[in-house]
S.K.: 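Handing you this structure, nothing more for now.
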Number of protein chains: 2
Amino acid sequence: MSSHAARTGSGPGQGESRQDAILDAAERVFAADGYQGAAMRAIAEAAGVAQGLIHYHFKTKEKLFEAMVVRRSGQINERRAALVADLFAHGDPPRLEQIVEALFRPTIETGLDLARDGGAFARILVSFANSADPRDQRLIEIHYDPIAQTFIEALMRIEPGLSRADAVWAYMFAIGVGMTMMAKTGRPKRLSGGVCDDGDAEAMLSRIVPFICGGVRALVEE
Amino acid sequence: MSSHAARTGSGPGQGESRQDAILDAAERVFAADGYQGAAMRAIAEAAGVAQGLIHYHFKTKEKLFEAMVVRRSGQINERRAALVADLFAHGDPPRLEQIVEALFRPTIETGLDLARDGGAFARILVSFANSADPRDQRLIEIHYDPIAQTFIEALMRIEPGLSRADAVWAYMFAIGVGMTMMAKTGRPKRLSGGVCDDGDAEAMLSRIVPFICGGVRALVEE
DNA sequence: AAATCCTGACTGGGCGATCAGTCAGGATTC
DNA sequence: GAATCCTGACTGATCGCCCAGTCAGGATTT
């Protein structure tokens, strides 16, 4: 019964390959248990494959993690870049609010519309974006610094009063605020007696966007 | 050479006890390797004690971690509460900027003036404050939610236009921005070509405070 | 001498990684 | 067209290592 099928053609796969199943499982287990806490055995079980197969395809735990990051960050950052490019493609310059929205929407939508992981990748992103570990920072540098520069330049373009240093800080702070949304700790609900829900991405965005824009404009005025 | 001395008095220790040495070492190792990645052996070695002694004093790894959190969060949050109380003790209401500064200064000063750990606890705080793990959230709830409520109420007092929900979000976002400072990833330096330094807490605070205040005021105006 | 502090050897278990071997099916040979 | 060869996907048992935690007993304090 456990057919070897899935990848029907001979060329580049179509349909859900076993490799994709492993990456999906890795996303869930890494999100739930952290990098160190995630066991290759647990990932194999979640993917419904033998543990050996993960090593066959990805060689090591570290490379599996990187492959997982590459897949999702590629999807998300291509979408982000496209949104920003669109905003500047037309005659009139975009509003700051639109830039900030372009920064976050792809992340939450990629986390949500796949649905099978419930924002698992976002949680992984939170923990390793904040890591000082050189291994994690290398991944950030390769896969996230380029899109960061795109946004930093976008900020400078529409807010000419912003120095490059200010724009870098503004970007970092914006990401920090976004972490609040992606971490999904449940703390806002606790602190507010149930009113605030960090599971409702849309409601959060409607607060995050004005908050960040207000912060950026305050830096401009300094 | 390796005297067993250290604790000179008889009662509750004065001077650096072995327990404190273990907690200091735990702070450094947990910060460097994460909770799962930190080995009791490594902590024992860093503290210069036998591994068995850690279990003698703290019983389990989890309880050691909690003891470490309790010690520092106690120091930091008492200072934070005192600062906020001071701000409201006098006739005229404080400025929003002063509240935000009271929120962060104790954390960076407790992280820095002990100097022996170079902000190790701040980094631990970042990783477990963002954790969705119930074990971590329980610690946050017990040791950080009360002071959070204090700040949320302070925000509402000086910005009457802020609803409770807005104040909770504002607090969460502020903490998110503060994470940027505490994580010390080195990313700002990379993104800015060396101009921005997340190791310079004073320089960061001078940007963080206006950014957050601008964000809060933007929420008020909505 | 009682109590507390402390050590270092030890244990069982879980870890990442390895590897010999199975299997399906495409290519090659006759 | 059938026997052979070959390859890439996959399994499950296994390895050596390191982990948190234990414990018997030595050292030190009171």
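Lettering of chains follows the sequences in order, A, B, ..., and the numbering in each one begins at 1.
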S.K.: Specify the separation, in whole Å, of atom CG of L53(B) and atom C1' of dT28(D).
M.R.: 14 Å

S.K.: Closest approach to the side chain of M40(B), judged atom by atom: which nucleotide of dG8(C), dC15(C), dA20(D) is it?
M.R.: dA20(D)

S.K.: Any side-chain N or O of R18(B) less than 4.0 Å from the OP1 or OP2 oxygen of dT4(C)?
M.R.: no

S.K.: If you compare every side-chain N and O of H55(B) against the phosphate oxygens of dT7(C) (OP1, OP2), does one of them come in below 4.0 Å?
M.R.: no

S.K.: Centre-to-centre under 6.0 Å for Y35(B) and F30(B), is that the case here?
M.R.: yes

S.K.: Rounded to whole angstrom units, what separation is found between the CD1 atom of I54(A) and the C1' atom of dT11(D)?
M.R.: 13 Å

S.K.: Taking CD from E45(A) and P from dC15(C), how many angstroms apart are they, rounded to a whole number?
M.R.: 11 Å

S.K.: How is A44(B) classified with respect to the nucleic acid when contacts are heavy atoms under 4.0 Å: base, sugar-phosphate, or nothing?
M.R.: nothing

S.K.: Please state how far atom CZ in F58(A) lies from atom C1' in dT18(C), giving the value in whole angstrom units.
M.R.: 18 Å

S.K.: Which part of the nucleic acid does A42(A) contact within heavy-atom distance under 4.0 Å: base, sugar-phosphate only, or nothing?
M.R.: nothing

S.K.: With ring centroids as reference points, do F58(B) and F65(B) lie under 6.0 angstrom apart?
M.R.: no

S.K.: Among dT4(C), dT11(D), dC15(D), which nucleotide sits nearest the side chain of R41(A)?
M.R.: dC15(D)

S.K.: Are any of the side-chain nitrogens in E66(B) or R138(B) under 4.0 Å away from the carboxylate oxygens of its partner?
M.R.: yes

S.K.: Could you tell me the separation between the CD atom of E78(B) and the CD1 atom of I76(B), rounded to the nearest 0.5 Å?
M.R.: 11.0 Å

S.K.: May I have the distance from K61(B) (atom NZ) to dT22(D) (atom C1'), rounded to whole angstrom?
M.R.: 17 Å

S.K.: Check D145(B) with R190(A), please: is the shortest side-chain N to carboxylate O separation under 4.0 Å?
M.R.: yes

S.K.: In whole Å, I'd like the distance from the CG atom of L64(A) to the P atom of dC15(C).
M.R.: 15 Å

S.K.: Between the base of dG21(D) and the side chain of Q51(B), is there a donor and acceptor pair under 3.5 angstrom?
M.R.: yes

S.K.: How many whole angstroms separate atom NZ of K59(A) from atom C1' of dC19(C)?
M.R.: 11 Å

S.K.: Does dG8(D) have its OP1 or OP2 closer than 4.0 Å to a side-chain nitrogen or oxygen of H57(A)?
M.R.: no

S.K.: Quick one: is dC10(D) close enough that its OP1 or OP2 comes under 4.0 Å of any side-chain N or O from Y56(A)?
M.R.: no

